[in-house]
Amino acid sequence: MINNIHSKVIVIVLLFISVTINLRGQTVTKIQKTPVNVEKLVQTLFAKGKTPPFSFVYDGIPSQKFISKWKHTIVKQSSNEPGVTQYLATYIEPATGLKVRCEIKAYPAFKALEWTIHFTNMSVANSKRIKQVKAIDMEMEYPTKGDFHLHYADGNHISKYDFHPRTLTLKSGVDKRMEPINGRSSEGDYLPIFNIESPSSQGVFVGIGWSGSWYADVRSEKENRVSIKSGMKTIDLYLYGKECMRTPSITLMYWNSSNRMDGHNQFRRFVLNHKTHKINGENAPYPLATGFNYKDPAPYTEYSGLTEEYAIAMMKRYKQFNIMPEVFWLDAGWNTGAADWEHGKSWANTVGNWTVDNMRFPKGLKPISEEAHKLGAKLMVWFEPERVIRGTQWAIEHPEWMLDIPEHNNDTYLMFDLGNPEACNWLCKYIGDMIEENGIDHYRQDFNMHPDIYWAANEEDGRVGMKEIRHIENLYKFWDYLLKRFPNLFIDNCASGGKRIDMETIARSAPLWRSDYYHYDDPDGYQCHTYGLNFFLPLHGTGILQTDPYAFRSSMSTCLTCNWKITDKSFSIYDMQARLNEFQDIRPYYYEDYYPLTGIDDTTLDNIWLAYQFNRASDNSGVVVAFRRKAANENSITVKLSGIKRDKKYEVTDLDKKESVIVSGSELANHFVLTLNMPNQSLLIKYKIIN
């Protein structure tokens, strides 16, 4: 009887997933009202005789015309990751020996799937030309006609608008093109993660995993169809005999709700469960960190004036003042040559000297890491191995691994050829040994250059795109090596701020310094970054120099770096302690469901309120963070909280006034009033249900 019931269920599910091919050869997936069964969707999309949801041009012919006739297999594989089902689909062209291998993961609990395409030339001769590779090339048909809405975000352009949330109504037949600039995946106007809302109270999140130049074309084909195409921006090449390559990964997560924020929160939970680096099976503890008296003393930049004695003295003061961080963050300037300001040297023009300055740190960084450990903290250290300055150690010792642009030979920058296998293997061991020898706990990687022009200038004839492919492949190999060699390591991903955020980097790292927006006297900018990036990612952080509540709360997120100058008499230890206690109290809520409370029209204006909410469904509690900006005339605004049980009572506490009131769930959900009597003030409110 049980077997019969199961058989009937399977038949019913299959009815809700069907795939056809449109006139352009695209895969068309018909989405029904019921939640998508992603395991059945995988088996349908990648079935034998079907055109898969990706495409390419091979020897001048589009793959839609031939791939369904290639030799095909799809095999379910074992998975060590809980909640994940893995498949391997292969397509082989017998005559030329080209194999397309598609590695697929299904995440049933989150209605998500992901795939990565690999091309292998099984012949000993060069392959025919491969170009226009679209890692996804599919159309989705929904059961209701109407407008599609694209919810996306700015990338990083070092401004107040970084990660600004956007919504675009897709006009039928018009492409929306999204792509980064300069070869870094989130630099420019687009984050490679977006949400397509259909007219039938459901939608799909799309995530692109490629830390270089990607593109995405989204198009509303009809009143109930939307088309998605994405891949590497430029690829036109052949493979050598026995050579293989990978392409961008694609993540799709389907959601069902009349409120698109339910889709955003489903995606945030998916990221936390499956796309966040784990340590001992738990999410990596991205930290509350602090520096070492940033830019102290002048004219030194960053930490180029720091010495072993001064660093240890600072660390002891943090302990003495009871403002201990979880991680001490040694940023740029510890390397050889960075302290020579009299000859125009700084951290920025000495990258490539990857040895510890033995004048300032005669025993390396080990005494600093040991002191951190004695105090119960960890040490994170900054590196920038991909950018190399002419005349530095690496440029002189390994010129064969430097990418140059001949017509730019007056420029100071070279780029480390990470795509060179020998160079990558050397780098893995070199940086790994430095981490081990110096007792470094966590690794911060920066990348302050535009790689696309270096890749383009060094391409082999007929192999356009291969330099980028090899560099990105080996970036992941390098990070995976570090994470395997040091199981308790986490990686901070910085590229002039958050310019390298995508589905592949967030699975290995987190952007603890999400923007190089250096206007520390403009906390409103930091509010904007938090407000926008939280739509898409739960893990990110920034820095703070001030201790007043308005500025400090403007920078709060899942992780935070306090660059306080604790030797400055204008700072109050009491204020520092109060801010840290407050942050420790509410930080867990930043991992919960997120709800913007004040819209997305233009979050950068100085005459508005900005407010958001985090709700923890497991215990029916949450926080509200609100800011009345300097030119906002209204003393109060009315907001509607989400995730609230309308028929229950809640205890609501103003953490500034230390006052609590009892409020009905109906009031919180319909017309909760936030009041601040003066501009440039903030509110921090906690609420919990009364059982």
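Side chains included, hydrogens not; waters and symmetry mates left out as well; all remaining heavy atoms used. One-based numbering along the sequence shown.
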Visitor: Measure the acute angle between the ring planes of Phe383 and Trp354, then classify it against the limits of 30° and 60° as parallel, tilted or perpendicular.
Guide: tilted
Visitor: Under 3.5 Å, is there a donor on one side chain and an acceptor on the other for Gln86 and Ser78?
Guide: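 Side-chain D/A pair, Gln86 to Ser78: absent.
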Visitor: Suppose we call two aromatic rings close when their centres sit under 6.0 Å apart. Are Trp347 and Trp334 close by that rule?
Guide: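 No.
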Visitor: Taking the six-membered ring for Trp and the full ring for Phe, Tyr or His, determine whether the centres of Tyr87 and Phe46 are under 6.0 Å apart.
Guide: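 Distance test on ring centres: not under 6.0 Å, no.
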Visitor: When you check the side-chain N and O atoms of Ser515 and Asp162, is any donor under 3.5 Å from an acceptor?
Guide: yes
Visitor: Quick test of your reading of the model: are Glu473 and Arg246 salt-bridged, counting only N-O distances below 4.0 Å?
Guide: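 No, Glu473 and Arg246 are not salt-bridged.
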Visitor: For the residue pair Asp516 / Ser496, report whether a side-chain donor-acceptor contact shorter than 3.5 Å exists.
Guide: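 On atom types as modelled, these side chains do not qualify, holding no pair under 3.5 Å.
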Visitor: State whether a side-chain donor-acceptor pair under 3.5 Å links Glu504 with Tyr476.
Guide: no
Visitor: Would you kindly say whether Asn121 and Lys242 are connected by a side-chain donor-acceptor distance under 3.5 Å?
Guide: no
Visitor: Does the ring centre of Phe292 sit less than 6.0 Å away from the ring centre of Tyr294?
Guide: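 No, too far apart.
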Visitor: Among residues at least two apart in sequence or on other chains, which ones pass salt bridge (charged side-chain N to carboxylate O under 4.0 Å, His left out) with Arg387?
Guide: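 For Arg387, the residues satisfying salt bridge (charged side-chain N to carboxylate O under 4.0 Å, His left out) (neighbours in sequence not counted) are Glu384.
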Visitor: Among side-chain atoms of Tyr443 and Ser509, is any donor-acceptor pair under 3.5 angstrom?
Guide: no
Visitor: Taking only residues two or more places apart in sequence or in another chain, which ones pass salt bridge (charged side-chain N to carboxylate O under 4.0 Å, His left out) with Arg101?
Guide: Glu103
Visitor: Going by atom types alone, do Thr336 and Asn353 pair a side-chain donor with an acceptor below 3.5 Å?
Guide: no
Visitor: Strictly by modelled atom types, are Tyr310 and Glu308 linked by a side-chain donor-acceptor pair under 3.5 Å?
Guide: no
Visitor: Between Arg129 and Asp59, is there a salt bridge with N-O shorter than 4.0 Å?
Guide: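 No, Asp59 and Arg129 are not salt-bridged.
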Visitor: Look at the rings of Trp401 and His398 and say which category their plane angle falls in: under 30° parallel, 30 to 60° tilted, over 60° perpendicular.
Guide: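 Rings of Trp401 and His398: parallel, as their planes differ by under 30°.
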Visitor: Hydrogens and angles aside, do Asp441 and His373 bring a side-chain donor and acceptor to less than 3.5 Å of each other?
Guide: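 There is such a pair between these side chains.
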Visitor: Do Phe54 and Tyr91 have ring centres separated by under 6.0 Å?
Guide: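 Yes, the ring of Phe54 comes within the 6.0 Å limit of the ring of Tyr91, centre to centre.
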Visitor: In this structure, is the centre-to-centre distance between the rings of Tyr303 and Trp382 below 6.0 Å?
Guide: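 Between Trp382 and Tyr303, the centre distance exceeds or equals 6.0 Å.
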Visitor: Just jot down the ring-ring contact (aromatic ring centres under 6.0 Å, His included) partners of Tyr286, sequence neighbours excluded, or say none.
Guide: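 Once residues adjacent in sequence are excluded, the partners of Tyr286 under the ring-ring contact (aromatic ring centres under 6.0 Å, His included) criterion are Phe490.
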Visitor: State whether a side-chain donor-acceptor pair under 3.5 Å links Ser211 with Ser185.
Guide: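 Looking only at side-chain atoms, Ser185 and Ser211 do not form any donor-acceptor pair under 3.5 Å.
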Visitor: Knowing that exactly one of Glu468, Met415, His471 qualifies, which makes a side chain to side chain contact (heavy atoms under 4.5 Å, CB included) with Tyr454?
Guide: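 With Tyr454 as partner, side chain to side chain contact (heavy atoms under 4.5 Å, CB included) holds for just one option, Met415.
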